[in-house]
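Input: a single structure, listed below in structure tokens.
Computed from a predicted structure; not experimentally measured.
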Amino acid sequence: MSKYQAPKGVSEYVPDRSSHFDYVRRTIINAAELSGYELVELPVFEDTELFTRGVGESTDVVRKEMYTFLDRGGRSITLRPEGTAGVMRAVLEHNLDRGQLPVKLYYSGAFFRAERPQAGRFRQFYQVGIEAIGLADPRIDVEVIAVADRAFRDLGLKEYVLEITSLGDERTRSDYLSDLREYISGINLDEDTRERAALNPLRLFDDKREEIRAVMSKAPILMDYLTPESAADFDKVQELLTVLKIDFTVNDRMVRGLDYYTGTAFEFVHKGLGAQSGIGGGGRYDGLMSQLGGQELSGVGFGLGVDRILLAREAEGLVLPANAGLDLYIVPLGVGDTALALAEELRGRGVKTDLAFGDKALKGAMKSADKSGARYCIVLGADELASGSVQLKEMHTGESTSVTLSALANELIRRISDYGEHL
RNA sequence: GUGGUCGUAGCUCAGCUGGUAGAGCACUCGGUUGUGGUCCGAGAUGUCGCGGGUUCGAGCCCCGUCGAUCACCCCA
């Protein structure tokens, strides 16, 4: 082993797991595209201020988890810890909010948070997210949730639950928070906990300790402070989720870590994952655009954790569906040049082809053919070139049929399209 | 950032109270002239995470460090 290792806490994927990772990511993207979301490809670093203002100075993410540094021009730069702020910046910068609303966008890529790593929590991790910007309509909230749910179902996940809540509008929030703070000031807490509560009193709802849970169960609930409009929206969300047959539970003490959330908030939690069980979450944000200097527009979106979803699939024992691996493996016997040329010709016609290199002995080359997972295999040697035909062998049945070299490409294409339809 | 556990061949792991490293799988080659997946045989492979210390001697003990992991915290 080399003395170099990947930096602490990064997630990286190599074969065979990389294809599984890619499958997860593509499935999520596919769900987004099915609902009309379009790609934005954004930088992985931004001006630090975008995040301090967008995500919120009081959040842990901003206070202690950002990778921030000065670039060579002395600018303060931060590796993106989340996706929404960057999307908003791009929307404003390119005036996407001047056209028809909502603007529906998705992104996919790496994010960075300087946390202490553990299973399912990485310093570089992958997220796919969507944002629907410009319309405050509970139907869009539900659409966003439905995209996530579709992705999870397409991925074959079963052991997850959807939790939803409403955080109300700004007025509800400030009324509620002052009451909650008052309640908390009346209970006896250790210094550390008191500090956390001062920063964000909602955090105490998340505390794992029995005694804290007991006192917090009697604390005022945000849900009771909702304005009639917020309450009506939240009812509508629940009604629509029911219509769409998306199961959910209302968690009236859900805590979201990012300051910008208002109104509908949700979280998908997987049961097989231990402490880092959130596989995705999101919600509506009313103040974010104006906070960043744009017009007063509301938005809603989610971020799904690709790494954790892969872990969740593995926890459920799911394996990759019938893979689109190699179609053909060529075993050359002393005619490596011709074999490579043939492979190139077949590849040019869309046949996924690999071949043995390095003048392997027949037996070893056949083993390679087996391990490659290719559907078919041919041996190519002087005899075949002389006769102009090869034995096309189907690996899993062992059956061979004689095919002329000139007809090989067409024959393979025919067979591939056959089994393609059965996938 | 805090606390616990762990770190031995590519992988999963064994290694008794300290005496100088092993198994299974994987890999390479072979089992008579050109067909894999089973079987049989042979072979290669480790600075025992890294650095110090104790000791005649350390994979086994001590300290540090790096990494993983579990929980707190936080969140995707």
Would you kindly say whether Tyr260(A) and Glu82(A) are connected by a side-chain donor-acceptor distance under 3.5 Å?
yes
Under a 3.5 Å cutoff, is there a donor and acceptor pairing between the side chains of Tyr106(A) and Glu38(A)?
no
Expressed as a whole number of Å, how far does the [atom1] atom of [N] sit from that of [M]?
N	M	atom1	answer
rU69(B)	rG51(B)	C1'	23 Å
rG10(B)	rC27(B)	P	15 Å
rG1(B)	rU65(B)	P	12 Å
rG31(B)	rG15(B)	C1'	34 Å
rA58(B)	rA21(B)	P	12 Å
rA71(B)	rG57(B)	C1'	40 Å
rC62(B)	rC70(B)	C1'	25 Å
rA9(B)	rA26(B)	C1'	11 Å

I'd like to know if [X] and [Y] make a salt bridge, using a cut-off of under 4.0 Å between side-chain N and carboxylate O.
X	Y	answer
Arg414(A)	Glu411(A)	yes
Arg194(A)	Asp190(A)	no
Asp47(A)	Arg89(A)	no
Arg153(A)	Asp149(A)	yes

Just verifying a value: how many Å separate Arg196(A) CZ and Leu204(A) CG, rounded to the nearest 0.5 Å?
6.0 Å
Interatomic spacing from CG in Leu167(A) to OG1 in Thr165(A) - rounded to 0.5 Å
6.0 Å
Which word best sums up how the rings of Phe266(A) and Phe302(A) line up, parallel for under 30°, tilted for 30 to 60°, or perpendicular for over 60°?
perpendicular
Could you check whether [X] gets within reach of a base, just the sugar-phosphate, or nothing at all, counting any heavy atom under 4.0 Å?
X	result
Leu258(A)	sugar-phosphate
Glu65(A)	sugar-phosphate
Phe122(A)	base
Gly120(A)	base
Ala119(A)	sugar-phosphate
Arg196(A)	sugar-phosphate

Can you measure [X] atom [atom1] to [N] atom [atom2] for me and round it to whole angstrom units?
X	N	atom1	atom2	result
Phe112(A)	rC75(B)	CZ	C1'	17 Å
His270(A)	rA76(B)	NE2	P	18 Å
Leu162(A)	rA76(B)	CG	C1'	16 Å
Asp16(A)	rC11(B)	CG	C1'	12 Å
Phe268(A)	rA76(B)	CZ	P	13 Å
Arg209(A)	rC73(B)	CZ	C1'	10 Å

Result for 5'-nearest mapping on RNA chain B, choosing between Pro117(A) and Gln127(A), is Pro117(A)
If you pin Glu82(A) and Ala275(A) to their nearest nucleotides in RNA chain B, which one's is more 5'?
Ala275(A)
Phe125(A)-rA76(B) aromatic stacking (under 5.5 Å, under 30°):
yes
Validation row, ring centre Tyr160(A) to ring centre Phe152(A) under 6.0 Å
yes
Would you say the ring centers of Tyr126(A) and Phe111(A) fall short of 6.0 Å from each other?
no
Is the shortest side-chain N/O distance from Arg203(A) to OP1 or OP2 of rC73(B) below 4.0 Å?
no
OP1, OP2 of rA76(B) versus side-chain N and O of Arg256(A): anything below 4.0 Å?
yes
Could you check which of rC72(B), rA76(B), rC74(B) has an atom nearest any side-chain atom of Lys208(A)?
rC72(B)
Given protein heavy atoms under 4.0 Å, the one-letter contact record of nucleotides 1-10 of chain B, with B base, S sugar-phosphate only and - none, is simply BBB-------
Readout for nucleotides 30-38 of chain B: B = base within 4.0 Å of protein heavy atom, S = sugar-phosphate only, - = neither; 5' to 3' it is -B--BBBB-
Please determine, for rG67(B), whether a Watson-Crick or G-U wobble partner exists with both distances under 3.5 Å, and give it or none.
rC6(B)
